[in-house]
Amino acid sequence: MIAKILINTSVNSLNKVYDYLVPKSLENDAEIGKRVQVSFGRGKNLEEGIIVKLEEDIENPKYKLKEITAILDDVSYINPNRLKLAKYIAYIYFCNVYDALKLMLPPGTKSKNSSKSLDTKKDSVVSLAKSSDEIMQDIETNVIKSAKQIQLLSFLMYNDYVLINDIIEGLSISRSVINTAQKNGYIKIDKVEKEVDFLKDLEVEKSYPLEPTDEQKVVIDGISKHIYDEEYKQCLIHGVTGSGKTEVYLQLIDRVLTQGRKAIVLVPEISLTYQTVERFVARFGNDVAILHSKMTISKRKEEYKRIKSGKVNIVIGARSAIFAPIDNVGLIIIDEEHDTSYYSQTKPKYSTKDIAAYICKEANAVLVLGSATPEISTYNKVINGTVELYEMKNRAANAKLPEIEIVDLKMDKVMGNTSNISIRLKEAILDNIKNKEQTMLFLNKRGYNSYLTCKQCGYVFNCPNCDVAMTYHKTNNLLLCHYCSHVEKNVHICPKCGSEEISSYNLGTEKLEEELRELYPQISILRMDADTTVARDSQQKILDEFKNGNADVLIGTQMISKGHDMPNVTLVGIIGTDALLAMNDFSSSERAFSNIYQVSGRAGRSTKPGKVLIQTSDTENYIIEAVKNNSYKDFFEKEIEYRKTFGYPPFIDILLFEISGANLQDVKLDAEKLYNILNYGNKNEYRVFSPKSPYIQKLNNRFRINVMVKARLNTKIYSDVYSKIKEYNTKKKKNTNLSITRNPIFI
Ligand code: ADP
Ligand code: ZN
Ligand code: ZN
């Protein structure tokens with residue numbers, strides 16, 4: 001038997017399939033999709049590969065084939081359909097087929113796994129301390145030579161947050177390999193609370209379908225028709241916050257199950273909490289598998305096996321659950337479809353919605369997108385007819401939409417209020433406390449960084465590796481770079497002029513909490529942001545505490561804006577709005593709108609009416625106006641006009657090529673090279689912009705230069721660009737790296 005093997009290699013030109021002989025002893029185990037070990041090229045090391053085809057022996061082979069050394073998997077997660085999907089991904093996102101296939105493999109590598117549990121209270125988890133690009137670079141330039149190191153690091157590129165013991169067992173490597181990687185600064189080891197075991201701790205009472213409201217009924221009936229007809233369709237449920245979208249999802253899943261088909265439900269990583277999972281488990285019990293990156297790898301592997309074996313019909317998870325090994329899908333639901341976590345930021349930088357659409361099309365399944373603030377490009381598909389629209393304009397269960405009030409910060413200046421909390425909001429918080437009701441204060445992350453500057457000479461404490469201001473953490477007096485984790489402690493002298501007059505700038509959640517405590521010492525406050533939620537289940541704990549009424553105020557970043565149902569929250573204060581409005585890439589307005597709108601939606605979710613105070617100096621801004629009038633359509637119309645006028649998606653596609661490397665000169669030369677190759681013979685079919693440094697020019701000691709292409713992509717233009725990239729790959733320098741994003745959301 002001959003096996004065609006796709007080799008796991010980062011070298012683009014080697015992204016080909018090679019023939020190997022399957023020894024008699026392995027013939028029974030050989031199966032398409034299983035990973036194997038083979039010797040490859042002149043290297044002594046064994047390489048990993050995947051069987052993509054099996055064929056009969058040839059009678060008189062021209063040359064002698066090498067034999068497969070070992071078969072690594074006992075279950076195959078990749079069938080011909082998945083191979084096809086991987087090829088599609090590789091093509092539209094310019095990556096290797098193997099990289100695409102890796103997305104579909106279960107977390108963890110070796111198949112035999114005795115998931116022994118530790119008895120200690122804390123687990124040690126391992127994650128990368130450097131970017132994948134940088135590590136790939138070091139591997140390609142032989143800075144990292146040891147095969148074990150490479151194995152460990154490439155594994156971590158695709159699996160974040162892995163238990164040390166899982167690695168040792170799963171990859172069969174010793175603790176010393178991990179220690180070396182840590183010593184060399186490639187990985188970090190954190191102690192975290194023990195994992196969230198969603199299934200074990202869930203003691204949920206069975207729930208039964210609610211009698212749908214009139215609005216829900218229209219949606220359920222409309223979409224069910226497509227499910228019953230087994231026809232490919234994309235549907236958007238545009239429903240205000242609290243309109244009962246989740247109940248609609250549950251009932252649609254019911255329909256698809258009666259058809260004998262299966263469902264995938266995707267939710268943003270951040271809202272994949274007990275509360276969300278509970279609602280699905282309450283309705284469908286053991287029929288649900290959960291995939292969450294904060295579950296241990298052995299747990300996720302178990303879930304993968306359960307899914308593959310066909311024992312579950314519903315998979316719920318974040319972005320990567322779209323690759324769960326589920327066959328016979330009839331329905332894919334993407335909740336909060338506007339969420340940016342549906343765009344992968346690591347190679348391959350895919351858009352989950354594109355992939356979901358492809359899977360549904362292939363399977364004659366229905367794709368349901370749900371949001372109160374759909375992405376502009378999604379809603380535009382409604383306008384041009386590729387997506388069917390369903391609207392839910394009222395909250396279910398008789399709750400009213402909150403009243404929205406704009407607080408003019410210009411007035412506060414006039415009144416001499418220097419606090420970050422406006423006079424109006426201060427009053428409202430106090431009133432709310434008197435009424436024994438709860439308040440959420442939302443601070444956008446952009447306005448949340450706090451920098452240190454010198455009052456004398458204006459020096460800003462930047463990260464020496466990254467060219468960005470480091471964030472100041474007052475509680476432990478340290479400066480931290482959020483990109484590369486560089487730390488400086490106890491800074492109190494300006495390195496430029498020697499002055500000791502150093503002050504922190506801007507507002508952070510921590511500072512806001514401090515201000516509020518000074519203002520109202522008697523109230524209890526909870527804070528939820530990246531700093532308070534390092535441990536795996538801390539997010540849930542904070543939310544539970546707040547929900548149980550153990551605090552008057554919850555301060556938080558974007559994290560608190562996602563679908564949590566808090567019946568006693570009647571006041572939402574939005575702070576730092578101006579920073580949100582001031583962002584400047586093409587998609588920043590839609591993120592600002594959806595952020596402000598979604599946070600507003602946290603107020604008054606139950607019988608008590610809610611109120612939202614939005615603090616801003618820009619009271620006339622169309623985004624604020626649209627939120628106030630609860631009109632997505634007002635916003636959409638202004639925004640789509642702007643995109644059309646200035647040539648942005650969805651009217652034009654953007655391909656952003658980023659070239660990076662430690663040597664600036666080489667990066668510049670390669671960027672120039674790419675620019676010229678792309679421009680060669682281009683008859684104005686697309687526009688190539690000359691190489692440009694991004695906002696952050698140096699990250700992790702690596703320089704970056706972008707080359708942007710704007711085009712109305714069709715098959716011909718795309719394949720043109722594709723072959724040019726292939727050409728560039730053969731001509732580029734070894735020590736630079738190319739990463740590609742299609743229609744990037746952050747430029
Ligand atoms: P969304 O997902 O649109 O934000 P939810 O599904 O969370 O909204 O629903 C908001 C609230 O309304 C929940 O408490 C839910 O139980 C309730 N609800 C939804 N549908 C119904 C219904 N048909 N009858 C009664 N209550 C409902
Ligand atoms: Zn840095
Ligand atoms: Zn100074």
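Computed from a predicted structure; not experimentally measured.
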Side-chain donor/acceptor of [X] to backbone N/O of [Y], under 3.5 Å:
X      : Y      : value
Asn595 : Arg591 : yes
Asn96  : Tyr98  : no
Glu303 : Ile290 : yes
Arg643 : Pro649 : yes
Thr352 : Tyr342 : yes

[X] and [Y]: aromatic ring centres closer than 6.0 Å?
X      : Y      : value
Tyr597 : Phe635 : no
Tyr350 : Phe323 : yes
His238 : Tyr632 : yes

Practice problem: Start with the C-alpha gap between Tyr88 and Tyr93, add the side-chain angles, then the distance that decides, and say whether ring pair (Phe, Tyr, Trp, His ring centres under 6.0 Å) holds. | Solution: CA-CA 8 Å; Tyr88 172 75; Tyr93 299 115; 7.7 Å; no
Ionic contact status for [Y] with [X], cut-off 4.0 Å:
X      : Y      : answer
Lys225 : Asp221 : no
Arg306 : Glu302 : no
Lys245 : Glu215 : no

Quiz item: In terms of ring plane angle, is the pair Tyr722 and Phe94 parallel, tilted or perpendicular, where the classes change at 30° and 60°?
Solution: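 The rings of Tyr722 and Phe94 lie parallel, inter-plane angle below 30°.
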Quiz item: Could you state the interatomic distance from OG (Ser739) to CG (Leu656), rounded to the nearest 0.5 Å?
Solution: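 If I round to the nearest 0.5 Å, the distance is 7.5 Å.
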Self-check item: Result of checking Gln216, Arg283, Arg279 against Glu247 for side chain to side chain donor-acceptor pair (under 3.5 Å)
Solution: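 Answer to the side chain to side chain donor-acceptor pair (under 3.5 Å) test with Glu247 among Gln216, Arg283, Arg279: Arg283.
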Any luck finding a side-chain donor-acceptor pair between [X] and [Y] under 3.5 Å?
X      : Y      : value
Gln598 : Thr241 : no
His338 : Glu375 : no
Arg319 : Ser341 : no
Tyr232 : Glu230 : no
Lys311 : Asn286 : no
Thr378 : Asn380 : no

If you compare all heavy atoms of [X] against all heavy atoms of [Y], which two are closest, and at what distance to 0.1 Å?
X      : Y      : answer
Lys301 : Pro106 : CG-CB, 4.3 Å
Ala318 : Leu266 : O-CD2, 3.6 Å
Tyr249 : Gly370 : OH-CA, 3.4 Å
Ala365 : Val329 : CB-O, 3.5 Å
Asp327 : Lys262 : O-CD, 3.5 Å

Quiz item: Going through the checks in order, is the ring pair (Phe, Tyr, Trp, His ring centres under 6.0 Å) test met by Phe280 and Phe284?
Solution: CA-CA 6 Å; Phe280 288 84; Phe284 301 107; 7.2 Å; no
Practice problem: Would you kindly check if the NZ (Lys) or CZ (Arg) of Lys34 is within the cone defined by 45 degrees around the ring axis of Tyr77 and under 6.0 Å from the six-membered ring centre? | Solution: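 No, Lys34 does not sit over the ring of Tyr77.
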